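The next block holds one structure in the form of structure tokens; read it before the comments.
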Amino acid sequence: MTDLRSRLGEAVSAAFEEAGLDPKWARVTVSDRPDLADFQCNGALIAAKARKASGSDIAADIAERLRANPCVAAVDVAGPGFINLRVSESALGGRANALAGDERAGARKIVQPRKVLIDYAGPNVAKEMHVGHLRASIIGEAVKRIYRFAGDEVLGDAHFGDWGFQMGLLIVACADADPAIASLLEDLVAEPPGFTAADEQAIDADLSARIALDDLDRLYPAAAAKAKADDDYRERARRATAELQAGRFGHRLIWRHFAQVTRAALERDFHALGVDFDLWRGESDVDPLIEPMVAELREKKLLIEDQGAQIVRVARSDDRREIPPLLVVSSEGSAMYGTTDLATILDRQRFFNPDLVLYVVDQRQADHFEIVFRAAYLAGYAKPGALEHVGFGTMNGADGKPFKTREGGVLKLRDLIDMAREKAAMRLQEAGLGVELSPEEFESTALAVAVAALKFADLINFRGTSYVFDLDRFSSFEGKTGPYLLYQAVRMKSLLRKAAAERVTAGRIAVREPAERDLVLLLDAFDHALGEAYDKRAPNLVADHAFRLAQSFARFYAACPVLAAPDEATRASRLGLAALTLKQLELALGLLGITTPERM
RNA sequence: GACCCCGUAGCUCAACCGGAUAGAGCAUCCGCCUUCUAAGCGGACGGUUGCAGGUUCGAGUCCUGCCGGGGUCGCCA
């Protein structure tokens, strides 16, 4: 099950070797000049440089050795030494049939599976998700799926922010807002004797009635602002934090309620976006590791005192820039966020021992991760090179600055999805689909279209660059958009349904028309696109492949009638091609976390 | 101030260890539905790849300087 490109690459490698040239130059790429060739190799030019020989002579020699290859219909040399290859119809047909018979549509698995942990989204207690979480969620989910599909053992961890000073702040804010909570905190210093599961449930139920996510979301920003201005208030919050960390019973109960309420709401929101985590390990889970870890760092002589704080120096003599140390314990004696990150690395080593950990986090945290990773390597908490920050740019508004609502606030993710869904519903209605679909199917289709619009718009861009958010453009059904891709998939499904009704069955694929050739060449390129996406942690390469596939299908669809094809063999062949395209397109979209509806 | 990223068509973005004529989508204009979903397809228009040097047979890609935008620079996460 090898793609044509690698098969040709091997042939060209062999030819280079026969000619006494280094086969590493024999890289075959998709042709830049589709009018001249399907594939090309520029290796003769590089060899010419090293050999101080003529590129076209070398190319001619190589070309001669390739002529007998059954995959090759034509090989010629152009310009200073480009080797142009055209693939034979039989090779294309053979490849298409192999793909049709492969449930992975040509995607190979990696040879040596690894254990990979993907850290993404990073939701926090008491905070509703906003647009800032969108990219991390979408990109992280896609990376996770791509890695898992490639054959790695993958865990996606939400890395729940459920610990620290913010928790104390929330406890104080809730106590001030509700006397019943204040007295609960006051009374329950430790677990009362005879305290049963039923008692606990009663308290939980009471808390549920008093505090919902909306309340937390409202209380937290106010409390944070107050703490900045009010020293006494800050001190109270600090004390509450310490009491929570010391295990005071009432504090633990209410904190656990915060986490539960938040998590339930978040899981629902994530799920609506097609984002699901394997793990919800919280910062609280690694808190017990911090004290022994600090002691160990001290023992290993990595921890030193500086300006009253405990730090680990991670700068190296060959650094081109100044790398600040990792601040492990502040001068006030508290753990910093880098400390938690380091403890999390240690935790992960213990329970999973990953070969690779990918942090799908905002690009702006690059320096922070560099420092934490260096400290982790020094401490032996991760395999060398196993930690990697997969950074991404910001989602900007029309003004080029990070996205804000018209009022200048942060847009909640749920509101964003609602907006997108309303827009999709409107578009569907304009097309008169409201009458054909049942209300349930209409709603689910609108949601699918909305999610596809948002996700595809994000994933089509390379993650590292920032992009401009424009809902109108994203939800358009024309052009490089999620809805366009869904539309093509839906057309394929409709065609297959109709074929089944007419008792037309898919058969052996034969490649004749130019549109069929182009489509098969693209189907062949799936494996390479996935490989590149995997290596570069770049889902946009999968998105781009999906778009080109959909587009190529649309051309095929316009140029090559399927059910009205002249003979039975052609009908069967084209139907097979359509079925294969749908399979690969759905696989690709699935990796991006986009599901296709049956009709739209 | 130091360091990092970015600057490509009117707009949003691509461009596979340096390769041929820098590609898509949108917008604009012109064609194509009695035929499988026209939410489609075909075509046209559109570029001194921020500026100036350098390396190379060849540079959007590598090097140097400059201009412009964004970001980061130990006790918040």
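Every chain is numbered from 1 and lettered A, B, ... according to where its sequence line falls, protein lines coming before strand lines. Everything quoted here is computed from the prediction, not taken from an experiment.
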Determine the contact category for [X]: base if any of its heavy atoms lies under 4.0 Å from a base atom, sugar-phosphate if only primed atoms, P, OP1 or OP2 are that close, otherwise nothing.
| X | result |
| --- | --- |
| Asp341(A) | nothing |
| Asp472(A) | nothing |
| Ile460(A) | nothing |
| Arg5(A) | base |

Look at the aromatic rings of Phe474(A) and Tyr467(A) and report parallel, tilted or perpendicular, splitting at 30° and 60°.
tilted
The test is side-chain hydrogen bond (donor to acceptor under 3.5 Å, both in side chains); show your working for Arg548(A) and Gln551(A) and say whether it passes.
CA-CA 5 Å; Arg548(A) 296 212 314 233; Gln551(A) 195 181 40; over 6 Å; no
Using a cut-off of 4.0 Å between protein heavy atoms and nucleotide atoms, how would you tag [range] 5' to 3' with B, S and -?
| range | result |
| --- | --- |
| nucleotides 31-45 of chain B | -----BBSBSSS--- |
| nucleotides 70-77 of chain B | -SS-BB-B |
| nucleotides 4-11 of chain B | -------- |

Got a second to check how far Ser31(A)'s OG is from Ile83(A)'s CD1, nearest 0.5 Å?
12.5 Å
Rounded to the nearest 0.5 angstrom, the CZ-OG1 distance for Arg491(A) and Thr581(A) is 12.5 Å
The residue, Ile83(A) or Asn540(A), whose nearest nucleotide of RNA chain B is more 5′ is Asn540(A)
Taking Watson-Crick (N1-N3 plus N6-O4 or O6-N4) and G-U wobble (N1-O2, O6-N3), each under 3.5 Å, can you produce the dot-bracket string of RNA chain B? Use [ ] for crossing pairs and | for inter-strand ones.
(((((((..((((.....[...)))).(((((.......))))).....(((((..]....))))))))))))....
NZ of Lys480(A) versus P of A14(B): gap in Å, rounded?
9 Å
Go through residues 525-534 of chain A and report each residue with a non-hydrogen atom lying under 4.0 Å from RNA chain B, sorted by number.
His528(A)
Evaluate side-chain hydrogen bond (donor to acceptor under 3.5 Å, both in side chains) for Ser284(A) paired with Asp287(A), printing each intermediate quantity in order.
CA-CA 5 Å; Ser284(A) 63; Asp287(A) 184 62; over 6 Å; no
C1' gap between G58(B) and A20(B), integer Å:
10 Å
May I ask you to check whether Phe456(A) and Tyr484(A) place their ring centers less than 6.0 Å from one another?
no
Could you list all the side-chain hydrogen bond (donor to acceptor under 3.5 Å, both in side chains) pairs where at least one residue sits in residues 326-339 of chain A, not counting sequence neighbours?
Ser330(A)-Ser334(A), Tyr337(A)-His368(A)
